[in-house]
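Working notes, structure below.
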Amino acid sequence: MAELQVTLTVNGKTVQAQVAPRLLLIHFLREHLNLTGAHIGCDTTHCGACTVDLDGKSVKACTVFAVQADGAELLTIEGLAAPDGTLHALQQAFREMHALQCGFCTPGMIMRAYRLLKETEDPTEQEIRLGISGNLCRCTGYQNIVKAIGHAAATLRGTTYQEAAE
Amino acid sequence: MQPNATGRSAVIPASFTYHRPTSVPETVALLAELGEDARPLAGGHSLIPMMKLRLAVPTHLVDLAAVSDLRGVRQHGAEITVGAMTTQHQLIGSELIAERLPLLRETALVIADPQVRYLGTLGGNVANGDPGNDMPAVMMCLNASYAVAGKGGERRVAAREFYHGAYFTALEPGEIITAIHLPVPPERHGYAYEKLKRKVGDYATAAAAVILTLEGTTVTACSVGLTNVAETPLWAEEAGRIVVGSSLDPATVKRAVTAAQDITAPASDNRGPAAYRTRMAGVMLGRALERAAKRAA
């Protein structure tokens with residue numbers, strides 16, 4: 001089948017490529033662009049490890065074709081830190097709050113949390129939990145992930161994180 | 001991972017040619033020309049997983065994403081029209097839907113997970129014919145109708161007439177749903193969608209949709225839809241009729257629940273044996289009636 005040309009913005013840079021229509025976005029990112037931050041977990045739209053931000057939406061890149069992203073603006077975990085290496089508030093919070101164990105789910109968790117905090121500046125714990133309900137952590141380290149997202153939300157708002165009472 | 005028909009696991013879809021029309025006439029002409037091997041692509045969150053398992057092997061994909069006429073939520077008099085490519089996420093965020101058709105918002109919130117809702121569409125959900133999808137029973141409950149476009153022109157099909165079997169609907173080859181038309185319920189109606197599921201993202205073990213209106217404590221109108229307890233979504237017409245005129249006293253609710261359970265024919269699967277799923281449909285209906293009545297009062 002004929003390859004198609006796609007042009008999209010990935011982490012602020014314009015990317016042009018020839019892709020087969022059946023090429024999935026996750027394979028395009030990992031194998032064509034060498035952006036291996038988004039992971040392939042379940043490959044069945046469940047785990048969220050491949051989550052990236054596509055035109056202001058959190059999407060699972062294992063269930064989108066690269067051709068569908070033609071013209072889109074894409075943000076992956078690689079594009080989240082500042083150019084000088086300063087971590088994004090979410091990355092910093094995940095580090096400080098010990099929100100990762102094996103780290104496999106982390107890029108997907110952070111990219112999902114990134115969009116959640118764009119839409120909900122000051123989420124409740126319940127909103128955070130529902131907001132990341134499409135992301136699985138098989139170390140089951142959810143407690144600290146939820147805290148880290150709350151922490152990052154506070155940092156982004158310029159306030160101090162108040163942990164909910166147990 | 002389930003092995004596919006050839007006994008192998010596959011996660012890479014078969015090759016296909018990609019089309020991206022920009023208007024409805026162009027789309028239906030393309031589908032007519034390409035014939036049976038073409039599939040329309042909406043949000044892709046049912047079709048792409050099927051393609052990865054090689055359970056669907058279309059040789060042409062006609063992406064509806066660039067057809068702008070298929071988007072948006074509008075009210076025309078007593079009817080709200082939702083473009084077929086409107087996503088679940090957009091439904092959840094629509095003020096008009098929250099105000100006039102809150103049952104739709106409540107349902108969209110229990111479909112899949114946030115990422116899937118950003119791309120999954122109302123049109124795709126109702127057109128696919130998967131008995132596990134949540135919106136079809138809600139459409140039956142609300143007496144929605146679907147605007148269908150094909151080579152022969154446009155027609156409207158009532159949701160209550162649309163579902164013929166699992167993945168078997170009134171859509172003819174080459175036809176697409178362009179919009180969903182929903183009668184606006186009375187202002188002070190009560191509503192509820194009760195869904196029993198094992199986890200976030202799961203299809204319903206059983207689910208019930210209810211809208212009703214009250215005068216004082218007496219039910220003056222009621223409609224009931226049931227999800228995933230038969231080959232098709234179900235409109236439980238008799239269950240709705242039974243509660244009209246009552247004040248939802250326990251004996252009447254019990255009769256309505258029995259009438260609803262009587263029309264179910266669920267499969268026994270890993271969500272539970274058939275008898276359990278039938279019983280759960282009844283439990284969901286009982287809860288939905290109670291919650292809808294509280295909201296109407």
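This structure is a prediction, so every number in the text was calculated from the model and none was measured. Basis for what follows: all heavy atoms, side chains included, without hydrogens, waters or symmetry-related copies. So you know, we letter chains A, B, ... as the sequences are listed, proteins then strands, and number each from 1.
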Heavy-atom neighbours of Arg198(B) CZ exceed 12 at 6.0 Å = yes

So, the part of Leu47(B) with a heavy atom under 4.5 Å from chain A: the answer is neither

Would you mind reporting whether Lys57(A) and Thr87(B) have side-chain heavy atoms less than 4.5 Å apart? no

Note: Val67(A) and Arg20(B) closest approach over all heavy atoms is O-NH1, 4.2 Å

key: Leu61(B) and Phe65(A): CA distance, side-chain angles, deciding distance, side-chain contact (heavy atoms from CB on, under 4.5 Å) verdict   = CA-CA 11 Å; Leu61(B) 265 197; Phe65(A) 291 116; 3.7 Å; yes

Taking atom CZ as the centre, does Arg115(A) end up with more than 12 heavy-atom neighbours from other residues, nucleotides or ligands that are less than 6.0 angstrom away? yes

Okay, Gln68(A) and chain B: the region with an atom under 4.5 Å from a heavy atom over there is both

For Lys199(B), I'd like to know if atom NZ has over 12 heavy atoms of other residues, nucleotides or ligands within 6.0 Å.
yes

So SG of Cys62(A) and CD of Gln115(B): to nearest 0.5 Å the spacing works out to 10.0 Å

Okay, Leu130(A) and chain B: the region with an atom under 4.5 Å from a heavy atom over there is backbone

| message | Using only atom types and a distance under 3.5 Å, with no angle test, would you say the side chain of Lys52(B) pairs donor to acceptor with the backbone of Asp43(A)? | response | yes

message: For the CD atom on Glu231(B), are there more than 12 heavy atoms of other groups (residues, nucleotides or ligands in this structure) within a distance under 6.0 Å?
response: no

Honestly, the part of Thr51(A) sitting under 4.5 Å from a heavy atom of chain B is side chain

Residues of residues 117-129 of chain B with a heavy atom under 4.5 Å from any heavy atom of chain A, in residue-number order, are Tyr118(B), Leu119(B)

Here the pair of heavy atoms bringing Leu24(A) nearest to Pro13(B) is CD1-CD, 4.2 Å

Highest number of heavy-atom pairs under 4.5 Å with chain A among Ala14(B), Ala66(B), Gly43(B), Gly44(B) belongs to Ala14(B)

Nearest heavy-atom contact between Pro49(B) and Thr45(A) is CG-OG1, 3.8 Å

| said: Would you say that more than 12 heavy atoms from the other residues, nucleotides or ligands in this model lie under 6.0 Å from the CD of Glu290(B), or not? | reply: no

Verify the neighbour count for atom CD of Glu36(B): are there more than 12 heavy atoms of other residues, nucleotides or ligands below 6.0 Å?
no

CZ/Arg287(B): more than 12 non-hydrogen atoms of other groups inside 6.0 Å: no

Under a 4.5 Å heavy-atom criterion, the part of residues 90-114 of chain B in contact with chain A comprises Asp113(B), Pro114(B)

